[in-house]
Amino acid sequence: MKRYRHYNKNTAIILSCFGSVIEQKKYFEFESYIKDQFPEIDLFTAFSSKMVIKSLAEEGKEYKNLPQVMADVDMAGYKRYIVASINIFPTDEHEVLIRMVDGFRNFSLANIRYTNTLLQKTKETSIYLKNLDESTRKGDMKIINLYIVHGVPVLHLGGLEAVSYASEFLKRINPHNISCSLEGEFPFYAIKEAIKREILEIIATNSDITVQIVPMLLISGNHYDKDMQEIKDEIGEYCTVKIVDPLDASNKFNLLGQTEVRKIFRDNIAVEIKKLGQ
């Protein structure tokens with residue numbers, strides 16, 4: 001087939017990220033980490049947020065979304081490539097990624113695969129969440145961890161099972177764990193009175209307990225600066241509250257900077273590279 005002669009490069013990796021106006025650097029630090037892990041493979045990065053892409057374009061910074069980067073990689077002639085889903089749960093962003101990969105498979109002669117998200121496989125998710133809870137508590141038994149995920153505004157996606165599993169798992173390993181979202185199932189704005197009752201019931205047995213907000217966000221961007229602070233202020237009206245200290249060298253808590261998180265994403269990529277059958 002004449003068309004296939006144009007596919008003369010070996011393998012590439014595309015990191016598919018959401019993007020951030022104020023914390024874009026964290027994504028590029030992660031990109032450098034992946035480059036170090038796969039030095040023989042060409043690496044590209046795409047961002048899915050049009051708002052982020054447009055905002056950064058106003059600053060003279062040019063970034064592309066996943067279809068644009070996939071088109072560039074296909075035009076460059078890569079025979080095979082991995083689209084790495086740099087998302088926490090396999091919900092809407094991941095579902096869109098799958099549809100994009102399936103679309104390119106209809107006309108591209110390249111062998112294209114995509115990875116799992118961070119919290120998708122039961123074993124890895126359970127181990128990570130257990131370690132996360134232990135790391136944020138640091139042995140302190142007088143802490144209520146309030147885990148806050150971003151969430152998605154629809155309830156028909158299969159990936160929501162991963163969000164529900166994470167919430168239930170955290171509650172089972174420690175009754176002082178509470179979960180909610182910013183704009184998904186069980187959003188803070190709708191259940192904050194229920195959260196207040198639960199916190200006060202625990203505090204009634206021990207007044208020295210502190211509520212610790214744990215943002216389940218890949219990076220500490222606008223949601224961290226705005227939403228987490230607002231939730232902290234609301235909870236602070238009836239108890240002692242703080243936002244959890246970072247688990248890495250960052251000055252704000254985030255998941256993408258954590259060594260364990262980076263290794264999970266790295267391993268997901270390595271699995272799909274192996275499936276390419278090089």
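The analysis underlying the following values was restricted to heavy atoms, covering all of them including side chains, and did not include hydrogens, waters or symmetry mates.
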Any sub-3.5 Å donor-acceptor pair from [X]'s side-chain atoms to [Y]'s backbone N or O?
X    : Y    : answer
N268 : T117 : yes
S181 : E185 : yes
E272 : I269 : no
N177 : L170 : yes
T205 : I202 : yes
R262 : Y33  : no
N174 : H176 : yes
E23  : S20  : no
Q212 : I243 : no
S32  : F28  : yes

Is it true that the side chains of [X] and [Y] contain a donor and an acceptor less than 3.5 Å apart?
X    : Y    : value
Y165 : S126 : yes
N131 : S135 : no
D133 : Y147 : yes

Separation of [Y] [atom2] from [X] [atom1] (nearest 0.5 Å):
X    : Y    : atom1 : atom2 : result
I209 : C239 : CD1   : SG    : 10.0 Å
T136 : D245 : OG1   : CG    : 10.0 Å
M228 : L146 : CE    : CG    : 8.5 Å

Which heavy atom in [X] sits nearest to a heavy atom in [Y], and how many Å separate them?
X    : Y    : result
L160 : V154 : CD1-O, 3.2 Å
M70  : I112 : CE-CG2, 4.4 Å
V21  : S55  : CG2-CB, 3.9 Å
K79  : N8   : CE-CA, 4.1 Å
G257 : D248 : CA-OD2, 3.1 Å
I22  : G221 : CD1-C, 3.6 Å

Is any NZ, NE, NH1 or NH2 atom of the basic residue among [X] and [Y] found under 4.0 Å from an Asp or Glu carboxylate oxygen of the other?
X    : Y    : result
R99  : D102 : no
K54  : E58  : no
K263 : D267 : no
K130 : E134 : yes
E29  : K26  : no
E198 : K171 : yes
K252 : D225 : yes

inquiry  = The test is salt bridge (charged side-chain N to carboxylate O under 4.0 Å, His left out); show your working for E201 and R197 and say whether it passes.
reply    = CA-CA 6 Å; E201 286 175 5; R197 287 195 301 271; 5.8 Å; no

Using a 6.0 Å cut-off, check whether atom [atom1] of [X] has over 12 heavy atoms from anything other than its own residue.
X    : atom1 : result
E161 : CD    : no
F186 : CZ    : no
E62  : CD    : no

query = Are F44 and Y78 near enough that their ring centres are under 6.0 Å apart?
reply = yes

task = Would you check if the distance from the ring center of F30 to the ring center of F265 is below 6.0 Å?
result = yes

message = Please list all pairs meeting salt bridge (Lys or Arg N to Asp or Glu O under 4.0 Å) that have one or both residues in residues 138-153, counting only residues at least two apart or in different chains.
response = K142-D208

ask   = Between K64 and F47, is NZ or CZ placed under 6.0 angstrom from the six-membered ring centre and within 45° of the ring axis?
value =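 Cation-pi check for K64 and F47: fails.
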
